[in-house]
Amino acid sequence: EVQLVESGGGLVQTGGSLRLSCTASGLTFDSYAIGWFRQAPGKEREGVSCIDSNDGSTAYADSVKGRFTISSDNAKNTVYLQMNSLKPEDTAVYYCAAVIDPGFISTMTLKLMYDYWGQGTQVTVSS
């Protein structure tokens, strides 16, 4: 059974930082790209960032570029999302998801149909 488990969410003030983790089990980790997505109340789900855990290539949505950093620890089957300079508009439930490695990572990777999803972790940024 494939499982993706997110952790690291919480409440932080504007300008603060959080690091989210996504730990995968039941799949061949380096055969997948891992994406981070978020959904705020009343809004559509938004792709935030993704990484090819095989070669480390990454992509970011414009809304987080320069503030968020995605990374992978293949030995731990874990992908991290370091979020700095957080803003109230970053408030959302953050999900990680896995898709078979498309071979090339770009922001279009965030628009693919992902195969597996985690349960989400809440991030709240207070003003």
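FYI, the numbering just counts along the sequence from 1.
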Of the non-hydrogen atoms in [X] and [Y], which two are nearest, and what is the gap between them?
X      : Y      : result
Val123 : Gly9   : CG2-CA, 4.1 Å
Leu27  : Ala98  : CD2-CB, 4.1 Å
Asn74  : Ser53  : ND2-O, 2.7 Å
Pro102 : Thr109 : CG-CG2, 4.0 Å
Thr58  : Ile70  : CG2-CG2, 3.5 Å

**OP:** Please report the C-alpha distance between Arg67 and Lys87 in whole Å, then the side-chain angles of each, then the deciding distance to 0.1 Å, and finally whether the side-chain contact (heavy atoms from CB on, under 4.5 Å) criterion is met.
**Re:** CA-CA 10 Å; Arg67 299 188 299 123; Lys87 306 174 182 180; 3.8 Å; yes

Strictly by modelled atom types, are [X] and [Y] linked by a side-chain donor-acceptor pair under 3.5 Å?
X      : Y      : value
Asn84  : Ser17  : yes
Thr23  : Thr78  : yes
Glu46  : Ser63  : yes
Gln122 : Thr124 : yes

Original post:
Do NZ/NE/NH1/NH2 and the carboxylate oxygens of Lys65 and Asp62 come within less than 4.0 Å?
Top reply: yes

Answer with yes or no whether the hydrophobic clustering places [X] together with [Y]; edges join I, L, V, M, F, W, Y residues whose side-chain heavy atoms lie under 4.5 Å apart.
X      : Y      : result
Leu81  : Val64  : yes
Tyr116 : Val99  : no
Leu112 : Ile34  : no
Leu4   : Ile100 : yes

**OP:** Go through the steps for Leu20 and Gln82 under the test side-chain contact (heavy atoms from CB on, under 4.5 Å), then give the verdict.
**Re:** CA-CA 6 Å; Leu20 306 183; Gln82 177 67 44; over 6 Å; no

Just verifying a value: how many Å separate [X] [atom1] and [Y] [atom2], rounded to the nearest 0.5 Å?
X      : Y     : atom1 : atom2 : value
Arg38  : Glu44 : CZ    : CD    : 13.5 Å
Ser127 : Glu89 : OG    : CD    : 10.0 Å
Leu110 : Cys50 : CG    : SG    : 4.0 Å

I'd like to know if the side chain of [X] and the backbone of [Y] have a donor-acceptor N/O pair within less than 3.5 Å.
X      : Y      : answer
Gln39  : Val93  : no
Ser106 : Met108 : yes
Thr121 : Glu6   : no
Asp52  : Gly103 : no

Original post:
With a 4.5 Å limit on heavy-atom distance, are the side chains of Val79 and Ser72 in contact?
Top reply: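 Side chain of Val79 against side chain of Ser72, heavy atoms only: contact under 4.5 Å found.
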
**OP:** Check the pair Ile51 / Ile105 against side-chain contact (heavy atoms from CB on, under 4.5 Å), numbers first and verdict last.
**Re:** CA-CA 7 Å; Ile51 187 168; Ile105 296 294; over 6 Å; no

Subject >> Listed once per pair and sorted, the ring-ring contact (aromatic ring centres under 6.0 Å, His included) pairs that draw on residues 8-45, sequence neighbours left out >> reply: Phe37-Tyr114, Phe37-Trp117

**OP:** Sequence neighbours left out, what pairs pass ring-ring contact (aromatic ring centres under 6.0 Å, His included) with at least one residue falling in residues 60-107?
**Re:** none

**OP:** May I have the step-by-step check of side-chain contact (heavy atoms from CB on, under 4.5 Å) for Thr14 and Leu86, ending in yes or no?
**Re:** CA-CA 5 Å; Thr14 296; Leu86 283 162; over 6 Å; no

